[in-house]
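Proteins come first, then strands; the chains are lettered A, B, ... in the order of their sequence lines, and each starts at number 1.
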Protein chains: 2
Amino acid sequence: MTPKIRISDVAAIAGVSTATVSRALSTPERVGKDTREKVLKAVRATGYRINAAARDLRQRRAGSILILAPNLSNTFFSRIFAAIQEEASAAGLIVQISDSRIGREKLATLGHDGRADGIILLDGGLDPELVNGWRLPVIQLCEWNAAYDAPVLTVDNSAAAGLAVEHLAGLGHRNLLHIEGPEGNVLATTRRDGFLKAVGDAGIDSAVFEGDFTMESGARAAHRWAALDRRPTGVFCASDECAIGFISEAIRLGFDVPGDVSVVGFDDIEFADRFNPSLTTIHQPREAIGRTGAQYLIGMLSDDGTPTAPDYSIAAHLVTRVSTGPAPQ
Amino acid sequence: MTPKIRISDVAAIAGVSTATVSRALSTPERVGKDTREKVLKAVRATGYRINAAARDLRQRRAGSILILAPNLSNTFFSRIFAAIQEEASAAGLIVQISDSRIGREKLATLGHDGRADGIILLDGGLDPELVNGWRLPVIQLCEWNAAYDAPVLTVDNSAAAGLAVEHLAGLGHRNLLHIEGPEGNVLATTRRDGFLKAVGDAGIDSAVFEGDFTMESGARAAHRWAALDRRPTGVFCASDECAIGFISEAIRLGFDVPGDVSVVGFDDIEFADRFNPSLTTIHQPREAIGRTGAQYLIGMLSDDGTPTAPDYSIAAHLVTRVSTGPAPQ
DNA sequence: CGGTATGATGTAATCGATTACTAGACATCG
DNA sequence: CGATGTCTAGTAATCGATTACATCATACCG
């Protein structure tokens with residue numbers, strides 16, 4: 001490991017003060033041409049790089065925002081990440097992503113000034129006391145927690161669930177099943193409530209199976225569904241992954257989709273369109289969510305005051321594909 | 001925004017020196033019981049959190065490792081991230097993930113001391129000069145670049161491609177197609193070369209279509225394949241996503257998989273098992289790669305010397321599922 | 001030519017923590 | 001009882017940058 005090079009080393013080699021080196025790098029126009037070249041030459045010769053910790057400390061900013069998500073394996077997040085990345089990059093900020101399930105102490109440290117200037121939170125399951133203790137601008141995307149003292153940007157999950165029910169009802173299905181998300185999760189709850197309200201309004205029979213958004217839970221639900229006497233002909237899953245799990249298992253059990261059962265997912269992940277049968281699902285504008293959220297957070301960083309934001313709600317829409325069809329006779 | 005609280009504020013409230021506050025927090029056993037309680041009470045009252053930038057600067061370590069990946073949307077990475085996260089957590093380190101395609105300057109900054117103690121690199125496409133300029137331990141996982149001066153942990157991609165060819169040949173296929181990865185990518189190259197060598201050894205007809213690992217490229221290749229006079233009956237795709245794209249499009253074009261064409265993927269992502277037909281593919285032990293890589297990097301952090309590591313190569317194996325079958329007559 | 005504006009550079013304070021060193025209080029021991 | 005050791009806690013140096021302020025040289029002006 002080559003010894004670390006400090007700004008004073010560069011200054012010594014270039015024969016100038018550290019202040020001049022610093023200026024030559026951050027505000028080149030404020031340094032004489034000859035001096036600038038001497039400095040840059042010394043920088044190249046030594047391979048000097050600014051020590052981020054020192055700069056962050058002195059400037060009281062990190063030039064970066066942090067995304068906290070509960071599960072990095074979740075395919076749903078990736079497009080959101082990409083959109084945030086783009087917006088942040090345009091604003092000269094670095095994006096760091098971290099798992100939000102890493103223990104209280106670490107989370108508190110991460111969320112405190114020094115390493116990041118703001119936080120984008122995609123997890124509604126953290127301790128509100130912890131989150132509200134952060135002294136940084138925070139914005140919640142997709143998932144939220146009313147106890148967090150931070151603006152929210154999300155789709156109207158309840159209404160979206162209504163769209164799914166409407167679609168299935170329109171196809172003649174009179175007995176619907178919902179496979180819900182994990183207990184306590186706000187998305188799971190609002191989607192389920194939206195489902196129940198919609199079937200209630202439409203006067204349709206319904207049932208709810210527990211699940212947890214995963215393919216495995218969808219597959220398990222397929223078995224429970226197959227064992228029923230009077231099987232629902234339409235299934236609304238709380239996530240696309242769950243829907244894919246349900247369908248694949250149903251097919252393995254010898255059923256036809258959508259011949260025997262129509263399935264609607266939620267999220268419209270990349271695979272939804274390529275799955276076989278391709279998946280009818282609720283499209284969440286993930287790119288727009290990420291982009292708008294990032295813009296908003298970046299705005300919070302520059303404005304000094306606390307811009308009390310109205311919570312946005314973005315429209316979601318149904319994408320009709322092959323996994324849903326007319327109810328069997 | 002509440003004013004930031006410094007260690008000196010806590011010290012003043014508790015009526016002790018900053019040194020004592022620091023010790024009470026990091027090495028509680030080295031302060032008297034009463035003092036400790038006074039300090040902790042003041043910490044609770046103020047909501048004080050250590051400023052990470054200041055601590056990192058003084059300690060010359062960040063207590064975190066950085067993962068750089070070229071494309072966070074890639075489903076393939078998620079399981080690796082999770083494994084790294086677990087190992088790092090056990091070692092008391094925080095994991096940060098960043099997109100590796102964020103521009104030279106930012107990358108150089110990120111990769112320099114202050115913010116992270118070590119780097120896990122999943123991108124072989126960066127400027128070697130940049131990477132070798134980092135003054136931090138670096139390890140390459142999965143993808144690599146011979147010009148980087150850092151150990152590598154990966155599967156034998158060439159041999160793995162051979163497994164795919166062997167499998168298809170064993171099923172009687174005599175004319176194989178490979179849909180390769182993006183030009184210049186080391187994984188794409190080694191997989192293609194492994195394919196070509198294996199078909200050469202087996203005396204089997206072959207063709208190679210260009211691709212880029214994505215579903216879209218697989219779908220495009222399906223059209224090209226369908227238009228051929230003498231269609232290969234076995235297809236080996238450079239990634240699972242590509243294979244899924246190929247299959248879904250082939251099915252839309254009216255073909256049967258594996259009836260008309262057998263398809264093998266590469267990676268064994270979560271969806272491979274749930275796709276319809278489920279995907280025969282090369283299983284990469286992603287969890288083992290992430291775990292071993294993280295352990296190795298963590299070792300590099302503690303050992304002072306530069307432990308010249310032998311480059312590991314991990315075995316990959318074929319997982320036979322439904323997307324491959326006997327060659328049609 | 002004296003006075004002022006301008007631009008380049010250096011000096012030293014500063015960001016907020018950790019920690020080497022020091023010192024006092026008290027216990028222990030020969 | 002003096003010497004020595006052990007705890008506890010404070011003082012001040014330190015990490016490596018940025019930047020307010022001071023200084024100096026030069027240009028420009030009436």
Side-chain angles (χ1 to χ4, degrees), chain A residues 3-40 42-43 46-64 108-110 112-117 135-136, chain B residues 3-40 42-43 46-64 108-110 112-117 135-136:
Chain A
K4 304 259 162 79
I5 292 136
R6 301 185 307 286
I7 196 171
S8 57
D9 299 325
V10 177
I13 291 177
V16 299
S17 72
T18 61
T20 301
V21 175
S22 176
R23 281 189 288 251
L25 292 175
S26 56
T27 51
E29 72 281 3
R30 295 174 43 91
V31 182
K33 191 162 176 302
D34 296 355
T35 319
R36 193 189 319 146
E37 275 168 15
K38 266 194 304 185
V39 171
L40 293 182
V43 167
T46 53
Y48 169 73
R49 295 287 170 182
I50 294 169
N51 179 307
R55 175 163 37 60
D56 294 354
L57 174 59
R58 174 65 224 236
Q59 297 191 329
R60 297 152 143 281
R61 66 188 294 275
S64 82
T109 310
L110 259 188
H112 253 262
D113 120 314
R115 273 203 251 259
D117 298 322
R135 297 281 192 277
L136 297 175
Chain B
K4 304 257 162 81
I5 291 135
R6 300 185 309 285
I7 196 170
S8 57
D9 300 325
V10 178
I13 292 177
V16 298
S17 71
T18 62
T20 302
V21 175
S22 177
R23 281 188 289 251
L25 293 174
S26 57
T27 50
E29 72 280 4
R30 292 173 46 89
V31 296
K33 192 162 175 300
D34 295 355
T35 318
R36 192 190 317 147
E37 275 168 14
K38 268 194 304 187
V39 170
L40 293 182
V43 167
T46 54
Y48 168 74
R49 294 288 169 181
I50 294 169
N51 178 307
R55 175 166 33 63
D56 294 354
L57 174 59
R58 175 63 225 240
Q59 296 192 328
R60 297 152 144 280
R61 65 187 294 275
S64 83
T109 309
L110 259 188
H112 253 262
D113 118 317
R115 272 205 251 260
D117 298 322
R135 297 280 191 279
L136 296 176

**Report entry** V31(A) backbone acceptor or donor facing R23(A) side chain under 3.5 Å
**Finding:** no

Query raised in the report: Considering only heavy atoms and no angle criterion, is a donor-acceptor pair shorter than 3.5 Å present between the side chain of R58(B) and the base of dT14(D)?
Result: yes

Query raised in the report: What integer distance in Å separates R55(A):CZ from dT19(D):P?
Result: 10 Å

Report task. Calculate the interatomic distance between L57(A) atom CG and dT19(D) atom P; express it in whole Å. Result -> 12 Å

Query - Shortest non-hydrogen contact from I5(B) toward T46(B) - result: CD1-O, 2.8 Å

Report task. Nearest whole angstrom, please: distance from the C1' of dT14(C) to the CG of N51(B). Result -> 14 Å

Query raised in the report: Does a side-chain N-to-carboxylate-O contact under 4.0 Å join K4(B) and D9(B)?
Result: no

Query - Separation of atom CD1 in I50(B) from atom P in dT19(C), rounded to whole Å - result: 11 Å

Report summary line: Between S22(A) and I7(A), the two heavy atoms sitting closest are N-CD1, 3.8 Å

Query raised in the report: Hey, does the side chain of D56(B) reach the backbone of A53(A) with a donor-acceptor pair shorter than 3.5 angstrom?
Result: no

**Report entry** Whole angstrom value for the distance that separates P of dG16(C) from CZ of R61(A)
**Finding:** 15 Å

Requested in this report: Grab the CD1-P distance between I5(B) and dA17(C) for me, whole Å please.
Outcome: 10 Å

Report summary line: Closest non-hydrogen atoms of A24(A) and V39(A), given as atom of the first, atom of the second and distance, are CB-CG1, 3.7 Å

Requested in this report: Send over the distance from Q59(B) CD to dA13(D) P, rounded to a whole Å.
Outcome: 20 Å

Query raised in the report: Roughly, in whole Å, what's the span from CD1 in I7(A) to C1' in dG10(C)?
Result: 13 Å

Query raised in the report: Where along nucleotides 6-12 of chain D does protein come under 4.0 Å, by heavy atom, of base (B) or sugar-phosphate alone (S), with - for untouched nucleotides?
Result: --SBBB-

Requested in this report: Determine: side-chain N/O of R60(B) to OP1/OP2 of dG16(D), distance under 4.0 Å, yes or no.
Outcome: yes

Report task. Determine: side-chain N/O of Y48(B) to OP1/OP2 of dA17(C), distance under 4.0 Å, yes or no. Result -> yes

Query raised in the report: Of all heavy-atom pairs between P28(A) and R36(A), which one has the smallest distance, and what is that distance?
Result: O-NE, 3.2 Å

